[in-house]
Structure formats: C-alpha cells, structure tokens
Amino acid sequence: MRELTYAEALREGLRQAMRADARVFVMGEDVGIYGGAFGVTNGMLEEFGAERIIDTPISEAVIAGACIGAALTGMRPVGEIQFMDFVTLSMEQLVLQAAKIRYMFGGKASVPMVLRMPGGSGTGAAAQHSESLENWFVNVPGLKVVMPSTPYDAKGLLLAAIDDPNPVIFIEHKLLYKTKGPVPEEAYRVPLSQSVVVRPGAHVTVVATSIMVPRALEAATTLAGEGIELEVVDPRTLAPLDAGPIIASARKTGKVLVVHEAPERGGFGGEVVACIAASEAFDFLEAPIRRLAGLDVPIPYNRNLERAAVPQVEDIVREARRLARGEY
Amino acid sequence: MRELTYAEALREGLRQAMRADARVFVMGEDVGIYGGAFGVTNGMLEEFGAERIIDTPISEAVIAGACIGAALTGMRPVGEIQFMDFVTLSMEQLVLQAAKIRYMFGGKASVPMVLRMPGGSGTGAAAQHSESLENWFVNVPGLKVVMPSTPYDAKGLLLAAIDDPNPVIFIEHKLLYKTKGPVPEEAYRVPLSQSVVVRPGAHVTVVATSIMVPRALEAATTLAGEGIELEVVDPRTLAPLDAGPIIASARKTGKVLVVHEAPERGGFGGEVVACIAASEAFDFLEAPIRRLAGLDVPIPYNRNLERAAVPQVEDIVREARRLARGEY
Amino acid sequence: MIHSDAHLRRMMLIRAFEEKAEELYALGRVHGTMHLSIGQEATAVGMGTAMREGDYLLNTHRGHGHCLAWFGSDVRLMMAEFMGRETGYCRGRGGSMHIANVDANNLGANGIVGGGLPMAAGVGLSIKMRKTDQVGVVVFGDGANNEGAFHESVNLASIWKLPVIYLCENNQYAMSMAIRKSSNIADISQRASAYGIRGVTVDGNDLAAVHDVMAEAAAQCRAGEGPVLVEAKTYRWRGHSKSDRQLYRTREEVLDWQKRDPIPRYSKVLGYDEARLEALRKDVQAEIEAAVSFAESSPEPEVSAILEGVYA
Amino acid sequence: MIHSDAHLRRMMLIRAFEEKAEELYALGRVHGTMHLSIGQEATAVGMGTAMREGDYLLNTHRGHGHCLAWFGSDVRLMMAEFMGRETGYCRGRGGSMHIANVDANNLGANGIVGGGLPMAAGVGLSIKMRKTDQVGVVVFGDGANNEGAFHESVNLASIWKLPVIYLCENNQYAMSMAIRKSSNIADISQRASAYGIRGVTVDGNDLAAVHDVMAEAAAQCRAGEGPVLVEAKTYRWRGHSKSDRQLYRTREEVLDWQKRDPIPRYSKVLGYDEARLEALRKDVQAEIEAAVSFAESSPEPEVSAILEGVYA
Ligand SMILES: Cc1ncc(C[n+]2csc(CCOP(=O)(O)OP(=O)(O)O)c2C)c(N)n1
Ligand SMILES: Cc1ncc(C[n+]2csc(CCOP(=O)(O)OP(=O)(O)O)c2C)c(N)n1
Ligand SMILES: [Mg+2]
Ligand SMILES: [Mg+2]
C-alpha cells in the first residue's frame, strides 16, 4: 500500500472530509498560507480558500468558542490549537460549554466539533511547548479523547471524529508527524472507542499511547530476541475507553506495563491500571501492575534532560524485561 | 476543645497568617464587603482594609496571574477563585507559569502563593458550578494540591500552604463549610504531604478525599455494627502524595476502596489504585481494588439526579460491604 | 417601535415569573440558586421584540427575562425546568442557569460569566458561512465585560464582520462589585472603539429605546456591516442571588432606581390606567399559576436515566 | 535622552548575538526553536535605557534583545542558556524562550504569547503594596494583544493605578498573521481608551524616541498615575522562527523595512563613520565569540539532577 506521513494522512483526511461535506471547515492560528505550525494544513488554503481554511488571531479561548458556536448552529468545525499547551487557555469553553451543553440542555443540542492539537516533547521547545494534558480531558464527561499513533489511525480516526456528533479532542504528536506508514486512499474510518492489539505476545502486556506505541513496538522487537514476547495494546481513543482488549490482554499475560509520556502523577496510566485492577483480570495477575511514564517534571530544555524526562525505548525494554523476569 | 465550622477555621487561619506576616494578602471576586461567595472572608475587610482584602473584577486569568506576579516579587498572595469551575479560565497561568517558573528558571525564582477554591456538588447549582477538577492539578508537576476534609485540617493545612514556597492549589468543599469540628486557637500547621489514617480498621481500606472522608466515616460507623471494620485514610495533600500510609493500610487489610467525588474516568482514584497496584502491597491484595467515584456525567440540576451522580454514604456502605464479604 | 400591549404583558409575565420563583425558593420548593432580573425587564423585551425569528440568542445567568422574551417561549416549560422536572426545557438537567430552547435558536442561559461570548463569535461565523441573514445576540453583564473572553470575541467579530450583537446589560453591579470600581470608563460602549466597531449606550429601562437600538444593530448586522456593542443601563432590584446581604449599596440607591420601574413607564406610554394594569397583572399571574401547576404535576427525571445525553 | 556609544554598542551586541544564534542553529549546535528580533533592537535598548535598576521586566518569546538590554545582563550566561549549559541563566533548563535573570528583576522570557500580561498586573500590585517606586514593564507582541489576557491585565492595572508599562512591540506580524488582519484599528495604542489610560505609539526603530516615551511612561508610573500602553512600531526581519517560509509577506516589504535599520540610524545620530562602526562591530563580535567559548566549555546539566528545582 501507498505510504504517507502522519501529517500527510491527517491532511488527506481533512481534505476528504471537506470535499464530502460543505459544513466542515478548518480554523486556527496560521493554518492558511503558513500551512500550520507543523505543516498539517499545508496547501489546503489553495484548494478550499480562506473562507474554509480560516486563520484566526491569537485567541485560544475564542478559537474553541467559535468552534462550539458554529457546531451548535449547523457547521462541523475542525479547530486547531497550535501546541497543546495553549489549550490551557480554552479550558472553560471546552469543559464548561462544549462538554456539557448536550447534557445540560436535556440532550437537545449537539456540539459536533473536533479540536486538533499536537502534544508531547522531543523538539527542544522546553516546558511551555511540550505538554501532554490528555488526562485532563479524559476526566471530563461529554468529551471524547483520541490519540492516534500511526498515519493509518491518524486519518481514519480523524474522519471518524469529524463524523462524530460529540466534541472530540484530537491529540497528535509532534514527533509522529514525519513518521510514515501505509494509508489507503479512500476515506475510511477507524471507529472511535476501539482499543487494538497492535502486536500479540504471551509474556507482558504493554498498554501504550501515542508516540509510546512505536517505542513499545521497538522494545518488543528487541525483547523478542531475548525470547520475551510483548503484547502491545493501543487504546487509540482514551475516552470513552474500550477497556475490554486491555483487560483481556492483562488476563492472558498476567503482567502489565502501562506506558505514556505525560507525567506519571495523575496521568492516564492510573486510569488504565485502575480498570485492570478492578476487573476479572485481577485474579490472573502475576506481578504488580507497573507504570512507566513521564517524570514529574516540567520538560527541560537541555537535550539530555529532555530525553530523560520521558520514556524511551530502552526504558520500556528495561521495565518490560524486569516484569517478564519476575523482578517486581 | 472549641469547635469551629470549616469556614470559620479557614478564616481564622487567614487572619492569623495576615497578622503574622504583612506580605500575606487576600484577593478575589467579592472577598471584601460581600465576605466571599461562601462567607469565608466575612468580616476580614474590617480588620485588614481594602488594601489587603482585595476585590477584583471578574477576570480569573488575571486573578491567578496577579498572584503569581506578586509572589514572584516578594508577596505571599492567597487568591480565591469563587467556584472551582472558574479556574478553567486560569489554567494557562497556573500550569504554564506558576508551576514551571521555578524549574524553568533553574531553581532561581519562587512562586509562594495559595489559590483557594470551592469544589464539588450538592448545592443544586448544576453542571457549571459543581466541578471537581483536582486531578488536573495532580497531573501538573510543580503544583501542590491540598484538599482538607475537616475544620482542623482546613486551618492547619491553609497555614502550612501559606508558609510553603511553592504554588499550592487549595480545594475546599462547599458542603463542608458549615460542618463543625475541634480547632485549636493557636496558629498550628498541618504539614503538607502527610496522609493520615483517620479511623483504623482491619477489614477494608477506604481511601477518601474531601467530603468523602466524613461520608466514609459514617459508612464505617454503620458497618461497624455489622462487624466490618473500615480503615479510613485521608491523603489530605493529593500532590505530592504521601503514599506510604495508603500502601501500608492496603497491605494490612488486603482490600481497598478508593472514594472520591470527581468523575471516575481519569480521576485521582486511578492514581491511588496505581500506587497500590505497583507497590509491595500487591502481594497482600485479597480482592480487586475498587473505585467508587462520581459518575461520568455533568452534574445534573434535579436534586435526585444530583445526589445520584456522586457517592453517598449508602454507596460506600454497599461497596465496602461487598469487598469485605469477598463479593468481588 | 410599534407599541403593543403584548410588550407590556411580556414584561409583566417576566416580573411575575421571577416573583413566583422567589417565592418558591423561599418556601423551599426549589433548590439551587437563581438570579432575578426584576427591574431589568425592558432590556429583555426590547431585545426580544427587535429580533427576528430564526436569530440566535446566547443568554446570561440572569436570563429568565430574555428567555421569556424570545420566540416561542413557553412559561410552563420554563417553570418545569426551574423546578427540575422532566417536562422542563432541559428535562430538569439544567435548571435556572441553563434554560435553553434550542428549537427556537435560544442557545441557552449560561452559568459562566462571559461564557456565551466566545461561542457568539462562532454563531456569527456560522451565519456568515451559511450565508443566511440571521443575527446572533449575546447577552452579558457589566461584570462579564472584564473577562478576557469579551476582548477575544469582539475582536474576532470585528475583523470578520460577523453579525453579532453584543448586548451588555449594565445593571451597575457584578455581585458586590460596582462597575465604577471594576472599570475606568464612563460607558462600557466606549470599549467598541478598541475594535473599530460601533458602540451605543441606551437607557435599559426604556423598552422602546432598547428596541430601536437593537433593531438598528440587527439591521447593521444583516447588512453585513459587522458587530455592534450595545450597552443597556439598568438596575437589579434584588440581591445578586439568594444569599446577598447587599452591603455594597444603599437602600436609597435601590429606591431611586425603583422609581424608574420599566413596567409602569411603558404602561403610561400605552395609556393604561391602574385598573387595566391590574387586570393584566391578574391575567399574567393566572398564567404563572398554571405554569406552576403544570410543573408540579410533572414527573421528576428517572434516576435510572441519569447517564442519558452525556453523549449522542 | 542622553546619547551614548553604549546604546549603539548594546544594539550591535544584540544583533551579533542573534546572528550567532542563527548560525549555531543552522550548524545544528543548538536544538529547539528561537525567535530572532533582528531589526527590532532599538525598542529593546530604548526600553532598557529608560528604566531604572530595580524595575521589573516580563519579557516575550522574542526576548533576546530585552534581556541583553536589561540591567546586569551577561551575554555569556545567555549564550550558555541558549546552548543548554549548566552555567546558563536557567542552568540549561529554560533555553531561548525562558531566559530570566531573576537577580536583576528580569522575570524571564515567556513561551506563551501574552503569558507575561496577567503576571505584570501582580508585579504592579506588589510594587504598590510594598510602596516602592519600582515599575514593571511587560513586553508583548501585536499578536499577543488579541489574547484575553491583555484585556484583563490592562483593566486591572487601570482601575488600581498600577505602575506597569504595557510595551507592545508591533512588528506587523504574528507568525503569518498581519496586524491589519488581526485587528480593526490603526494603532494598537488606541486600545488604551477602552481602559481610560494613556496610550502612545512610537517609532520602534528610533532608539531615542522609544527611550523618551518609556521614560515618560515610567515617570507617570512612579508618580502613582497608573499604567501606560506603549506601542512601538517596528519590523521583524527574519522569519517567525526556524521553519517559516514567509509566504505571507513580500520581499519588497522586508527590504523596505531593512532600510530603516535602527543601528546605522542611531550611529548617524552619534556621528559614527563606517570605520568606527566596523571597529565596534569587531569588538562586539569578539564578545560574542567569547560567550560561545564560555558556553561550549561549560558542562551540560547532570541527568541525575533532572528533578532538582521542581519544588523548593
Ligand atoms: C467565570 C465566572 N466567574 C465568576 C462567576 C460568579 N458570578 C456569577 S454572576 C457574577 C456577577 C456577574 O456580574 P454581571 O456580569 O454584571 O452580571 P449580573 O449578575 O449583574 O447580571 C459572578 C461573579 C461565574 N459564574 N463565572
Ligand atoms: C498562547 C500562545 N498561542 C500561540 C503561540 C504560538 N506562537 C508563538 S509566537 C506567535 C506569534 C506571536 O506574535 P506577536 O505577539 O506579534 O509576537 P512576535 O512573534 O511578532 O514578536 C505564535 C502564534 C504561543 N506561543 N502561545
Ligand atoms: Mg451586573
Ligand atoms: Mg508581532
């Protein structure tokens, strides 16, 4: 199959959605002629014009709010927050309005919007441009939270998110934009709330999100050489979470490592662990459930510190190996 | 000992801090002549004047920011956000500035501030006035997160928070303001990051926060009549968390119920479960670790729905009983 | 404006609704909180009568009046919502601060001060993209005017010439904070100049004046000439909400404003005498009592349905 | 302003620092991103020379210049920070976007557009409460001016008469967004009227003009007369950051602004000929090379110390 980068896959998804439905439009800072800070909307201005690829002033609260207002009145906005960090300025609109409007109004209103934003560290942009805030949104009933880890999922989940009648927080990863993978040409959907086993294995379950999925797969390759088989599970949609495949895998391997980039404390890993620890998998656990996550530190500028602040392939290898060997 | 309400205890703590240190001041919406939406600062304007009990316009971003700026330059602000919900408007300043300044500046700057805010439901104010967002802050390295459950802790933790050289998010509960308890007159401190066993018991560990502590204690009284002894642990400071007493208790009882008001999904309960599931207590667990938390729903207006949305005493009784009886 | 008995009746219905709400609250028959707009009815009705069916409304927390002044409003469904019943506008999930009538493009009251402002820009954008001649009205208070959301929203509407009317109800206070303390300008409408748009201050207790200013603003919006900032100066007679001791203002000030009651003022314009006014009052009260009966005989939501509507 | 060779040298030092930064970046010797203020040096130095030691600075992401123009700045520590070394201002934890010199009341650059604005009000409040005659300066861009934070902060400073200078560097663009598209007014300083404060627009490429406006603003602040909004019109020569293809502006426009280079302009005021200027340039470049050597011979932070400084 044809290969695209993650950024290209997203762009293709956006294009297809916009061609198919005149209600879909893109709005954000520098999404037009600039093509977006990470180039995702590159060239889209030419095809769709400034009325559907809309550059906004630097006003994150109103970017979110404008998406909500437009969604409430018949449009299908796809907003972009230039870096996930800046969504801290949009929280009131997202959490107190978008997430609650349907429920507060007795189910009579709908906010079909997608808000895209790149999260994560690794670009040397330091503490204010490296946030991984996904678990905030997971904690907000009414929102859906998506984090694709491959070009294939990026396109398919984006199209599904745009179809979805609920507000969807769509979290991309800066380091994934240039990664390549097979992407079909047609406008396929990857259903929301479907976790997937991306690599089967007998010994240790690794539940990983976003950039940690390719890292876990790399770790799995390394460990396979040692006879340790990792089963890698990618939730893809963090909320509402499809816990079934995670629990089934935990039950099968009896050993679980949860890996994410966000700081461990209060992160999404706790949610995954708690789902497993309360489930029927509990009786099959052979070792403590371990988390491997970002250190509880603002992302440092220095390259070495930045790298050390979040899980790398070798960290996953080390932790999974210990679990497999019964060292916990 | 003399009894005070939770609100009175907070007020006494504030007064004592302000008398002892001219750098301490209070700032927020309607904290002056109005006395605060929940009366916590009632009468303080008279004692300290409008220069130290400062009414602000309705501008939550700048309330947080002004606290940070003042703290950075030698003051000890105690800000108030009228309802925790509105802190969604302050997140950029709290998360990207207050929490990170010390670290980003190589440890050379300090942000000694406290931001008080009432969380929780139960007053019939519906979805936009009932948030329990504590786990957002737990997920932010650089912040401390405090949630007192008694008048005694309210005063002692507040004084400790004001002393602390770090930014502290201080979360009160609306339904606790009128609850009474013994409060010493002197300006005592309850150290941050000290979990406490508020009731010892042999059969089930209940880790509860804020309003869920008195509810857990009530449940414990009920179940004691059935011969089931709950051990109730109150973390008091959620971040940095003193996990020791929680793990020790889990190890002792082998059965754990984590109770909080915030929505279960992505909530602080996951953090507690994950700390236990990864610890030496794992080998002593006799049952799945259970969470009992708010439903994943915006808080509804109708009284019956509002009550059903978050754990009540009878829910804790039911869940703890099942755990004790081995029904999980 | 073409004067009409219906306008007077509408103001009186709002007044009666809120007086009843207050009473029900005092009797413990509703819970939660509420914000009464008694004294401000002319702004709500002046706004409502100036707009067209199909326009959009984004309302404030103090929004009973605007909701009742909006197209197709049904006081029974409002009362049922206020009392938390399944038959209410929001099936009892929203309550006083969140009453919406989505079918009539009333996109709801808002518990967040300034919460409707960012969304209003999106409503305007949507109208522009869909190329209809609708207008969006967002109502907010003098306090809300100091939220960052105001700045971002008005700026966006200004540069894109969005058909949005920013209606600031300046009732002099935001809880205990007087507008003269929370801002340094004489008229909130002056802020329009920071965005290169038109700003107007109007007597918010004069129904016809509000109507005319709003009608003109709506016409400007429909002509594609962009947003307008309208400031309606008025006064809240009651406390901010239930628990307000009102230490921040004098009794005299309140009494002084009560002399400018918009209802008798407009009834004089219509030439009503006391008897006719009293008859209308009775009529309106009967409607309110019927609404209470409707609400009280309506079921409460089923607890088992609590999760319904979180997601589609 | 009293003219001085030191001012010229300072502008040239900033220029040389940033040209070196660009070079190091191109060579892959630094990572991350950076924002160059080449062409805008007069604003930074005009600001720095107008303030007093003890005043506070809250800086932007495009802040190398202001940092170097601030009291006690050490270009070696800046370079070391830029290169992520333990000897840098922030021990290598901050980088280009977060350089601070807290000892000198330089409270740091900010990666968040408008991020310094809310804090600036707090700095002003603190000065007022401590009853010193300090002043706080917050620097932000034309783009930042559309953030809600601007509105909330200026309003607060206005009502409390806080000693804060809001220095908006209008370099015409926020990334690809031209100011004429992101706001509907001719001068950003017009926004002062929405808060009842003084607003001034100044030629940001004229060092003396910037100095004089800032000195006057500082005097007003020290006299307790409240905040001032200063708009300095200038132009960014380089792209927004490393990855900018600059499709949003013409080459002619850039060239046109380059003719207004503040450095030769001020050197003429001082009566420099090309030879003297060249000598100064060499001198400044030597200082920059020494800074690079200092940085490169400095250790990187110990990975084991990664958690140091998260909490006190
Ligand atoms: C963001 C936010 N901050 C604070 C509040 C609490 N609050 C509710 S109404 C109110 C006063 C609002 O004043 P104004 O905007 O003038 O409207 P009014 O109540 O006078 O109609 C306040 C502070 C809130 N609901 N939302
Ligand atoms: C809150 C926020 N939004 C967006 C960005 C991304 N960003 C960084 S600089 C910039 C442009 C800023 O423009 P302006 O304020 O004019 O300053 P300039 O870069 O021109 O100096 C943008 C959009 C950011 N850092 N912070
Ligand atoms: Mg008001
Ligand atoms: Mg700019």
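Just so we're on the same page: letters track the sequence lines, and every chain starts at 1. Computation of the quantities below employed the complete heavy-atom set of this structure, encompassing side-chain atoms and omitting hydrogens, waters and symmetry-equivalent molecules.
Contact of Ala127(B) with chain A is made through backbone and side chain together, with heavy-atom distances under 4.5 Å. If you measure heavy-atom distances from Ile101(A) to chain B, you find no contacts under 4.5 Å at all. For Leu257(B), no part sits under 4.5 Å from any heavy atom of chain A, backbone or side chain. Contacts between Ala61(B) and chain A at a heavy-atom distance below 4.5 Å are absent for every atom of the residue. Using a 4.5 Å cut-off between heavy atoms, Tyr103(A) contacts chain B through its side chain alone, with no backbone atom that close.
The main-chain N or O of Gly270(A) is never found under 3.5 Å from a side-chain atom of Glu271(B) such that the two would form a donor-acceptor pair. Between the side chain of Asp296(B) and the backbone N or O of Pro141(A), no donor-acceptor pair lies under 3.5 Å.
You'll find the side chain of Trp136(A) reaches within 4.5 Å of the side chain of Val140(B), heavy atoms only. Ser90(B) places none of its side-chain heavy atoms less than 4.5 Å from the side chain of Glu92(A).
No other option in Ile289(B), Leu295(B), Asn139(B) has as many heavy-atom pairs under 4.5 Å with chain A as Asn139(B). Contact count versus chain B (heavy atoms, under 4.5 Å) is highest, among Arg290(A), Glu131(A), Glu134(A), Glu280(A), for Glu131(A). Interface summary for chain B: among Phe268(A), Phe282(A), Phe137(A), the most heavy-atom pairs under 4.5 angstrom belong to Phe282(A). Ranked by heavy-atom pairs under 4.5 Å with chain A, the list Arg291(B), Arg265(B), Gln93(B) is led by Arg265(B). Per-residue heavy-atom pair counts under 4.5 Å with chain B were compared for Ser279(A), Gly294(A), Ala277(A), and the maximum is reached by Ala277(A). Most heavy-atom pairs under 4.5 Å with chain B, from the set Gly142(A), Ala262(A), Ser132(A), Ala239(A): that is Ala239(A). Counting heavy-atom pairs closer than 4.5 Å to chain A, the top residue among Leu285(B), Asp283(B), Leu241(B), Leu133(B) is Leu285(B).
The shortest heavy-atom contact between Asp85(B) and Leu96(A) is O-CD1, 3.4 Å.
Separation of atoms CG (Leu94(A)) and CE (Met91(B)) is listed at 12.0 Å; rounding is to 0.5 Å.
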